[in-house]
Amino acid sequence: MSKLYSPESAASGVEQVLRLLEGRWKLIILFHLFDGKVQRYSDFEKLIPGISQKMLAQQLRQLESDGIVSRMVYPQVPPKVEYRLTEWGQALCPALDAMLKWAEKRENYASLATDGTSFKNPNGE
């Protein structure tokens, strides 16, 4: 059964989720783990060239402590560490995909406004 929300509890719930995802690099890290991808620490360094080692470690630790990312350490020398989304983290993919589609709509609305074309609601209204 789905939980019923008041405007206040809905806003509070969304605010809690946004706090989990805040940080300049967290969403980029998550997008690199979507579709069941497994990445090593060194992979992230190559995939996200602008991030410092300290910030990468910090963001991965936060995502792990929040239960979004799992970290697997293999007992070998040199150490091998892999990161993947947890089941709960993978459940975030459709929500972020929906946000991406929403952002695309904004781009469409903005281009309509700049070329002087009147806005037409996608629902035909």
Side-chain angles (χ1 to χ4, degrees):
M1 186 168 157
S2 190
K3 183 177 177 180
L4 294 177
Y5 290 96
S6 69
E8 292 80 14
S9 65
S12 175
V14 170
E15 188 176 341
Q16 289 173 2
V17 169
L18 290 175
R19 266 192 240 116
L20 290 175
L21 301 176
E22 72 183 354
R24 179 174 179 190
W25 305 103
K26 284 184 181 177
L27 290 174
I28 296 170
I29 290 168
L30 291 176
F31 277 105
H32 284 297
L33 292 172
F34 280 1
D35 298 324
K37 292 180 187 157
V38 176
Q39 304 287 359
R40 295 180 63 180
Y41 188 88
S42 60
D43 295 332
F44 284 120
E45 290 179 308
K46 292 173 192 153
L47 292 167
I48 313 170
I51 192 169
S52 69
Q53 290 183 341
K54 177 184 175 186
M55 186 56 65
L56 177 58
Q58 182 182 30
Q59 300 277 275
L60 285 167
R61 259 187 262 119
Q62 288 173 356
L63 288 166
E64 183 185 9
S65 71
D66 291 333
I68 298 170
V69 168
S70 68
R71 178 178 184 257
M72 174 65 108
V73 180
Y74 295 91
Q76 65 185 50
V77 177
K80 178 181 174 184
V81 180
E82 292 181 338
Y83 296 90
R84 64 177 38 98
L85 291 176
T86 61
E87 186 176 336
W88 187 60
Q90 196 67 40
L92 183 59
C93 294
L96 292 179
D97 189 48
M99 288 176 67
L100 188 56
K101 286 183 171 92
W102 180 70
E104 287 174 13
K105 285 183 181 180
R106 183 183 184 278
E107 290 172 12
N108 293 337
Y109 296 156
S111 67
L112 287 173
T114 58
D115 71 8
T117 309
S118 62
F119 167 71
K120 189 80 164 169
N121 187 318
N123 299 328
E125 300 168 359

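By convention here, the first residue in the shown sequence is residue 1. Because only heavy atoms are used, hydrogens play no part in the values below, and waters and symmetry mates are left out as well, while side chains stay in.
Under the salt bridge (charged side-chain N to carboxylate O under 4.0 Å, His left out) criterion, the residue pairs touching residues 92-101 are D97-K101, with sequence neighbours excluded. Residue pairs satisfying the salt bridge (charged side-chain N to carboxylate O under 4.0 Å, His left out) criterion with at least one member in residues 10-19, sequence neighbours excluded, are listed as follows: E15-R19. Applying the side-chain hydrogen bond (donor to acceptor under 3.5 Å, both in side chains) rule to pairs touching residues 28-38 yields nothing, sequence neighbours excluded. For residues 12-31, the ring-ring contact (aromatic ring centres under 6.0 Å, His included) pairs, not counting sequence neighbours, are F31-F34. Pairs passing the salt bridge (charged side-chain N to carboxylate O under 4.0 Å, His left out) check and including a residue from residues 39-67, sequence neighbours excluded, do not occur.
The local environment of CD in Q76 is crowded, with over 12 non-hydrogen atoms from other residues, nucleotides or ligands closer than 6.0 Å.
Annotation for L18: hydrophobic cluster partners, listed by chain and number, are V14 (ILVMFWY side-chain heavy atoms under 4.5 Å, direct or chained). Applying the 4.5 Å side-chain rule to ILVMFWY residues, one finds that V77 remains a lone member of its cluster.
I28 and V38 sit in two unconnected hydrophobic clusters of ILVMFWY residues. Membership requires side-chain heavy atoms under 4.5 Å apart, directly or through other members. Hydrophobic clustering (ILVMFWY, side-chain heavy atoms < 4.5 Å, transitive): Y83 and L96 are in one cluster.
Listed here is the closest heavy atom pair of Q39 and L33: CG-CD2, 3.6 Å.
The closest side-chain heavy-atom distance from L47 to I29 is not below 4.5 Å.
Applying side-chain contact (heavy atoms from CB on, under 4.5 Å) to S70 and the options T86, L85, L63 leaves one that passes, T86.
Taking the salt bridge (Lys or Arg N to Asp or Glu O under 4.0 Å) definition, one finds that K80 meets it with E82, sequence neighbours left out. Remark: S9 pairs with Y5, S6 by the side chain to side chain contact (heavy atoms under 4.5 Å, CB included) rule, at least two apart or across chains. With sequence neighbours excluded, the residues forming a side chain to side chain contact (heavy atoms under 4.5 Å, CB included) with V73 are R71, V81, listed by chain and number.
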Problem set entry | Working for side chain to side chain contact (heavy atoms under 4.5 Å, CB included), residues Q62 and Q59 | CA-CA 5 Å; Q62 288 173 356; Q59 300 277 275; 3.5 Å; yes

For this session: Given side chain to side chain contact (heavy atoms under 4.5 Å, CB included), test Q16 with S12 step by step and report yes or no.
Result: CA-CA 6 Å; Q16 289 173 2; S12 175; 3.9 Å; yes

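When atom types are taken as modelled, the side chain of K26 and the backbone of L20 share a donor-acceptor pair closer than 3.5 angstrom.
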